[in-house]
Amino acid sequence: MKKIMIAAMMLIGASTAFAGDSDALKAILKANDYAQAESLLKSSLSQLASNAEKAKAYNKLVELALKTYNVQKATMAANQTFEQLKQKDKVQPYDTVAFYNSAYNALKAAVECDKYDAMPNEKGKVKLNFRDGNKQRIWDARTMLVNGGQRAAQLRQNEDVIKYWGAFLDTEDSPLFTGISRESEKSYFGQVALFTSEYADMLKKTDLANKYIDMALKDDSVKAEATDMKIRYMQEGLTSRQDSISCLEKLKDFYATNSNNEVVFNSLASFYSGLGMKDDMAKLISDKLAQDPNYFAAWRAKGLAELNANKYDDAITSFKKAIGVRSNDALALTYLGFSLNAKAATLNTVAEQKQAYTESLGYLQKAKEADPDRRAANWTYPLYQCYYALYGANDSRTKELESELKH
């Protein structure tokens with residue numbers, strides 16, 4: 001009896017060790033096209049016997065997607081050759097939609113395959129069966145999704161823009177591509193992230209917009225644009241003071257990791273000012289100047305706060321500090337001129353007033369030279385004040401600016 005029991009146990013062990021594929025996996029592996037295999041996999045994923053079976057099933061999807069991808073790619077390559085040889089009669093039609101969709105499908109399936117492939121087996125060990133075979137060919141398909149997103153943008157297929165570019169961006173750090181250099185992507189990765197975020201925002205996909213703008217922020221080549229967009233996202237939909245307070249907290253967190261970014265500093269200072277939080281604004285400025293006595297944005301913000309408080313002498317001093325750091329900043333020059341004009345109005349003698357207006361005139365003319373189209377600063381009215389005070393109402397310069405003020 002004991003021998004029989006041992007023999008039975010050996011048979012059980014053998015049947016377990018050499019068990020074949022489950023029926024669910026067999027059905028998937030027999031599928032001849034991607035849609036059929038995907039449908040079977042979705043409906044029977046829980047019936048697959050192990051992580052290894054799930055990896056094998058997803059790899060089947062990879063193979064089927066790549067079959068379509070490679071056929072279309074080969075046709076496109078052949079057509080390019082025929083075009084170069086001026087043999088247009090040999091050019092064959094191809095399916096662009098199928099090409100990019102199959103690249104997308106192959107990428108998504110390969111990432112899922114790799115996920116299960118990297119999970120421990122019943123013995124607690126990891127044995128990668130598919131990564132080496134997939135990563136290079138899937139990397140090629142993934143790269144093609146950049147062109148796919150661009151084509152979708154040209155056709156105004158905005159959902160497909162996010163679909164293709166989103167898949168490209170989302171898989172940048174996938175373990176599937178371990179060992180592959182990202183160097184070739186550095187010239188355009190940030191730009192793709194920026195554009196994808198913009199499309200997501202357009203479609204009111206707020207989470208995706210923020211996700212991709214955070215990726216763009218890591219790329220110095222687009223960081224300025226990305227910062228502007230990030231702050232704009234924070235400020236969208238503000239309808240109450242509480243909304244503004246919530247936005248302020250986000251800005252403070254953003255500033256904590258971007259404290260040397262002038263755009264972020266200016267936005268935070270502007271929020272403090274708009275919410276009447278003078279002490280917080282003063283601390284922001286003083287802390288920054290303590291850290292960097294020549295920080296241009298802090299001096300300009302300090303001058304503006306002093307100007308708004310009618311502290312004209314202090315404002316003049318601060319704006320002069322600002323242009324000492326950045327002499328051609330049209331906004332600081334305009335604020336300085338405005339401060340001098342405001343001070344002139346408080347002076348008791350004509351001589352003192354003219355002296356203030358004369359000094360102001362020099363700064364405002366520099367502002368006009370720096371920003372003739374008034375894109376950053378509207379120097380027109382304070383310059384008109386100087387002309388009026390120094391040359392009179394009938395002077396041609398005064399009348400010319402008066403005419404501009406009416407438009």
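At a threshold of 4.0 Å, the pair Lys252-Glu249 counts as salt-bridged, since one of the basic side-chain nitrogens sits closer than that to a carboxylate oxygen. Salt bridge present: Lys205 and Glu159 bring a charged side-chain N and a carboxylate O closer than 4.0 Å. Using a 4.0 Å cut-off between charged nitrogen and carboxylate oxygen, Glu183 and Lys186 count as a salt-bridge pair. Between Glu198 and Arg232 there is no salt bridge, since no side-chain N of the basic residue sits under 4.0 Å from a carboxylate O of the acidic one. At a threshold of 4.0 Å, the pair Lys115-Glu112 counts as salt-bridged, since one of the basic side-chain nitrogens sits closer than that to a carboxylate oxygen. The residues Lys26 and Glu53 are annotated as not salt-bridged, no charged nitrogen and carboxylate oxygen being separated by less than 4.0 angstrom. With respect to Glu359 and Lys320, a salt bridge is recorded, a charged nitrogen being found less than 4.0 Å from a carboxylate O. Between Glu172 and Lys218, none of the side-chain N atoms (NZ, or NE/NH1/NH2) sits under 4.0 Å from a carboxylate O, so this pair counts as no salt bridge. Between Asp214 and Lys230, at least one side-chain N (NZ, or NE/NH1/NH2) sits under 4.0 Å from a carboxylate O, which counts as a salt bridge.
Within the 4.5 Å cutoff, the side chain of Leu29 has heavy atoms near those of the Asp21 side chain. Side-chain contact between Met119 and Val126 is absent, with no heavy-atom pair separated by less than 4.5 Å. Between Gln355 and Leu347 the shortest side-chain heavy-atom distance does not fall below 4.5 Å. Contact annotation: the side chain of Asp287 never approaches that of Leu284 to less than 4.5 Å [non-hydrogen atoms, C-beta and beyond]. Between Lys73 and Asp140 the shortest side-chain heavy-atom distance falls below 4.5 Å. The shortest distance between side-chain heavy atoms of Met277 and Leu248 falls below 4.5 Å. Using a 4.5 Å cut-off on side-chain heavy atoms (C-beta onward), Gln150 and Trp165 make contact. Between Ile316 and Leu340 there is a side-chain heavy-atom pair separated by less than 4.5 Å.
The two atoms that bring Lys135 and Ile180 nearest to each other are O-CD1, 3.8 Å, heavy atoms only. Listed here is the closest heavy atom pair of Tyr233 and Ala209: CE1-O, 3.6 Å. Residues Ala110 and Leu176 approach most closely at CB-CD2, 3.8 Å, considering heavy atoms. Residue Ala216 comes nearest to Val222 through the heavy atom pair O-CG2, 3.4 Å, listed as atom of the first residue, atom of the second, then distance. Shown here for Ser244 and Leu275, the closest heavy-atom pair between the two residues is CB-CD2, 3.8 Å. Contact detail for Leu364 and Leu383: the closest heavy-atom pair is CD1-N, 3.6 Å.
The residue from Tyr312, Phe338, Tyr335 that alone fulfils the ring-ring contact (aromatic ring centres under 6.0 Å, His included) condition with Phe319 is Tyr335. The side chain to side chain contact (heavy atoms under 4.5 Å, CB included) test with Asn147 singles out one residue from Phe99, Tyr164, Tyr100, and that residue is Tyr100. Between Phe265 and the options Tyr295, Phe296, Tyr272, a ring-ring contact (aromatic ring centres under 6.0 Å, His included) holds for only Tyr295. Applying side chain to side chain contact (heavy atoms under 4.5 Å, CB included) to Ser174 and the options Leu107, Ile138, Val111 leaves one that passes, Val111.
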- request: Let me see the working for Lys250 and Ile231 under side-chain contact (heavy atoms from CB on, under 4.5 Å), right down to the final yes or no.
  value: CA-CA 9 Å; Lys250 293 177 185 177; Ile231 292 171; over 6 Å; no
message: Go through it in stages, so that I can follow the logic: the residues are Arg397 and Glu402, the test is salt bridge (charged side-chain N to carboxylate O under 4.0 Å, His left out), and I'd like the CA-CA distance, side-chain angles, deciding distance and then a yes or no.
response: CA-CA 9 Å; Arg397 290 163 291 190; Glu402 185 178 16; over 6 Å; no
task: Quick one: do Thr68 and Asp95 satisfy side-chain contact (heavy atoms from CB on, under 4.5 Å)? Show the steps, please.
output: CA-CA 10 Å; Thr68 301; Asp95 190 336; over 6 Å; no
field: Candidate pair Leu333 and Gln365, rule side-chain contact (heavy atoms from CB on, under 4.5 Å), full reasoning
entry: CA-CA 9 Å; Leu333 288 164; Gln365 286 176 331; over 6 Å; no
- prompt: Where do Lys108 and Glu38 land on the salt bridge (charged side-chain N to carboxylate O under 4.0 Å, His left out) test, with the steps shown first?
  reply: CA-CA 11 Å; Lys108 301 296 281 187; Glu38 182 188 37; over 6 Å; no
- request: Start with the C-alpha distance between Leu41 and Lys60, add both sets of side-chain angles, then the distance that settles side-chain contact (heavy atoms from CB on, under 4.5 Å), and finish with yes or no.
  value: CA-CA 10 Å; Leu41 178 50; Lys60 176 65 177 181; over 6 Å; no
- prompt: Would Asp170 and Tyr212 count as a side-chain hydrogen bond (donor to acceptor under 3.5 Å, both in side chains) if you check the C-alpha gap in whole Å, the side-chain angles of each, and the deciding distance to 0.1 Å?
  reply: CA-CA 9 Å; Asp170 291 343; Tyr212 296 130; 3.1 Å; yes
field: Pair Lys67-Asp33, salt bridge (charged side-chain N to carboxylate O under 4.0 Å, His left out): steps then yes or no
entry: CA-CA 9 Å; Lys67 182 179 179 181; Asp33 66 81; over 6 Å; no
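Using a distance-only test at 3.5 Å, with no hydrogens or angles considered, no donor-acceptor pair links the side chain of Ser259 to the main chain of Ala256. Using a distance-only test at 3.5 Å, with no hydrogens or angles considered, no donor-acceptor pair links the side chain of Asp117 to the main chain of Cys113. Remark: the backbone N or O of Asn394 is not paired with any side-chain donor or acceptor of Thr398 at under 3.5 angstrom. Looking at Ser44, its side chain does come within 3.5 Å of a backbone N or O of Leu40 through a donor-acceptor pair. Under a 3.5 Å cut-off, the side chain of Trp139 and the backbone N or O of Phe177 do not form any donor-acceptor pair. Between the side chain of Lys42 and the backbone N or O of Ala37 there is no donor-acceptor pair closer than 3.5 Å.
Rounded to the nearest 0.5 angstrom, Thr380 OG1 and Leu401 CG are separated by 6.5 Å. Atom CD of residue Gln385 and atom CG of residue Leu361 lie 12.0 Å apart, to the nearest 0.5 angstrom. Expressed to the nearest 0.5 Å, how far CG of Leu390 lies from CD of Gln353 amounts to 10.5 Å. Put simply, CD on Glu306 and OG on Ser318 are 3.5 Å apart, with the number rounded to the nearest 0.5 Å. Rounding to the nearest 0.5 angstrom, the gap separating the OG atom in Ser396 from the OH atom in Tyr391 is 10.5 Å. Atom OG in Ser102 sits 11.5 Å away from atom CG in Leu64 (nearest 0.5 Å).
Two rings, from Phe168 and Phe189, have their centers less than 6.0 Å apart.
Using a 3.5 Å distance cut-off with no hydrogens or angles, the side chains of Tyr116 and Ser50 do not pair a donor with an acceptor. Checking Arg142 against Thr171 by side-chain atom types alone, a donor-acceptor pair falls below 3.5 Å. Under the 3.5 Å distance criterion, with hydrogens and angles disregarded, a donor-acceptor pair is assigned to the side chains of Arg137 and Asn134.
Taking the centre and axis of the six-membered ring of Tyr104, the NZ or CZ atom of Lys163 falls inside the cone set by 45° and 6.0 Å.
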